[in-house]
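Structure, as structure tokens:
Letters A, B, ... are given to chains in the order of the sequence lines, protein chains preceding strands, and every chain is numbered from 1. None of these values were measured; they are calculated from a predicted model.
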Amino acid sequence: MTGDAPLLLDLAEDDPDALMQLYDEHGWGDGLPMVPPTPERVETMLAAADPDETIAVLPPRSGIATRRVIAINAVLAGCEPAQLPVVVAAVRALASPELNLRGVNATTHCVAPLLIVHGDIAESAGYNSGLGAFGPGNRANASTGRAVRLILMHVGGARPGPGDASTQGGPAKYSYCVAENTAQSPWGGYAASVGVESASAVTLHCGEAPHNVHDMESSDPVPILDKVASSMATLGQNNAPISSGEYFVALCPEHAAVCASAGWTRRHVSSYLFNRATLPVAELRRAFGLRAWAPWQQALADDDRVSMTEHPENIKVFVVGGAGRHSSVIPSWGMTKSVTVAVGV
Amino acid sequence: MGEQMEERKRERIKVYAPDGAVGSPAAAPAPSVPVLAGKRIGILDNAKPNAGALLERLAQRLASRTGAVLGLVETKNAAVAAPDEVIARLQSEVDLVLAGSAD
């Protein structure tokens, strides 16, 4: 399947303001200035790849994301050609049925796909996995996340209103991309831990913006992870009424090192959080109808406590960031599963 | 040099539209039922607040005005497509289905 060639439009001058005016007439753009996608810039972005190959068809618009259409949006977002393979792989991942993109795009929740870049391409294409990785200040992180958002809006039709019903929207809907700090991960790379043994990979997790976890003083995993658990166990997030939801726990290198030096593996961290991130059943029953709970959770008594997710494997752990002792929790939208795919060239 | 760059910037240029083509929908809507008298009305409750009450009341009023009868009521999660077995039950038990309710 291939898409028709994208339309070429006349632009008064090679200028971001002129482009914004032109695009505004069509309802395109994210509100920030964009790089005009001239044929020359798009050809440079594509390099030798087949421009007409369909990578994915994105709901709710059923827009056909060919490599050329992806490259156009990458130019708009300010990407360099080195980052295009990550954007292409991310679009491929967006189309995975378990990610449930139709729901992600259309929901009233503030969900946005977080991209986590793994492996060789994180370094070769200039991604930031260290200090300030969630931004701002790095072109690769900022433009890759923005390219994916522009593709969701332009190709997938996820414009606020007709295709994106998010009640308040959210800053993560502008750009949401980090690289994994594999060099400082005591447990190796995340992608390999979920069975993707590729030199480069990208994970998409459709979740909320990061919730901070601050622990400056602990030299033992327990007080650090208890704070992580506390951030996970709150009533306002979708994971509270939806038991199948995932959490991504983004540990800073210093918190990860404390856990590893005590002999804790990635799985140990997930298992501990599964048992500590709990709420009283009665409290959850007061707050929700519980219709999206697993049957075994519905059978619990009011004075039991229940984990915020039905299985430890729903708690995903990776390392990101630089010096300092702030980690974060990224709760899921709920009815979505993260996807990790290899990045080609 | 600066003047040349300004001149080039002011030239009319071509830029791509960013949205690409639209693919064919995976399935076309079924034709409407021409006469409702004697037909069975199903409900697919997506579990949004009050969806069940709204759809049931709608089905009752439709039935009383047209001579249709209320048939099967199924429930699904709002965020995902209905499971195949739910669709199969509705397909075998009713002639039309009332579905969809937002927040």
Side-chain angles (χ1 to χ4, degrees), chain A residues 1-15 18-19 22-23 26 28-29 34 36-42 54 57-58 61-66 68-73 75-76 100 102-104 106-108 150-151 153-155 157 165 167 242 289 291-292 333-336, chain B residues 1-30 43-56 72-90 97-103:
Chain A
M1 181 168 53
T2 59
D4 299 331
L7 291 175
L8 277 167
L9 309 168
D10 283 318
L11 185 66
E13 55 181 324
D14 190 4
D15 175 80
L19 183 72
L22 173 70
Y23 268 28
H26 296 271
W28 296 328
M34 295 165 283
T38 61
E40 297 77 19
R41 288 183 179 124
V42 173
T54 294
V57 178
L58 302 178
R61 178 173 170 265
S62 297
I64 299 173
T66 62
R68 192 193 309 277
V69 170
I70 293 170
I72 291 166
N73 284 279
V75 169
L76 285 166
N100 187 15
R102 181 179 296 277
V104 166
T107 179
T108 50
L150 289 173
I151 289 163
M153 295 177 77
H154 295 148
V155 186
T167 305
I242 300 172
R291 280 187 263 204
W333 167 55
M335 294 298 176
T336 177
Chain B
M1 190 67 162
E3 282 178 16
Q4 281 178 341
M5 283 180 68
E6 278 302 306
E7 191 59 38
R8 198 161 59 231
K9 190 179 148 188
R10 282 196 294 271
E11 286 174 10
R12 288 188 79 80
I13 60 165
K14 294 282 187 185
V15 290
Y16 279 116
D19 54 351
V22 175
S24 307
I43 290 174
L44 184 53
D45 175 359
N46 65 2
K48 284 284 183 184
N50 300 316
L54 175 73
L55 295 173
E56 195 168 331
L72 187 64
V73 176
E74 290 280 356
T75 302
K76 68 180 275 288
N77 188 288
V80 293
D84 289 345
E85 57 269 25
V86 169
I87 299 296
R89 277 199 297 274
L90 286 165
V97 179
L98 302 180
S101 173
D103 289 317

Winner by heavy-atom pair count (cut-off under 4.5 Å) against chain B, out of [options]:
{"options": "A/P39, A/G29, A/A18, A/A165", "value": "A/P39"}
{"options": "A/V155, A/I151, A/T336", "value": "A/V155"}
{"options": "A/T167, A/V104, A/V69, A/L9", "value": "A/L9"}

Which atoms of [X] are under 4.5 Å from chain B, going by heavy atoms: the side chain, the backbone, both sets, or neither?
{"X": "A/V42", "value": "side chain"}
{"X": "A/D10", "value": "both"}
{"X": "A/L76", "value": "side chain"}
{"X": "A/L22", "value": "side chain"}
{"X": "A/R102", "value": "neither"}

*All side chain to side chain donor-acceptor pair (under 3.5 Å) counterparts of B/D84, not counting sequence neighbours*: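 B/D84: no side chain to side chain donor-acceptor pair (under 3.5 Å) contacts found.
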
Using the salt bridge (charged side-chain N to carboxylate O under 4.0 Å, His left out) criterion, which residues pair with A/R41? Sequence neighbours excluded.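 With sequence neighbours excluded, A/R41 shows a salt bridge (charged side-chain N to carboxylate O under 4.0 Å, His left out) to A/D14, given in chain and number order.
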
- Looking only at heavy atoms, what is the nearest atom pair of B/A17 and A/W28, with distance?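 For B/A17 and A/W28, the tightest heavy-atom pair comes out as CB-CH2, 3.5 Å.
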
| query | For the residue pair B/V22 and A/R61, what are the closest heavy atoms and their distance? | reply |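 Result for this residue pair: CG1-O, 3.3 Å.
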
Side chain proximity check, [X] to [Y], heavy atoms < 4.5 angstrom:
{"X": "A/L7", "Y": "B/Y16", "result": "no"}
{"X": "B/P18", "Y": "A/L150", "result": "no"}
{"X": "B/D19", "Y": "A/H26", "result": "no"}

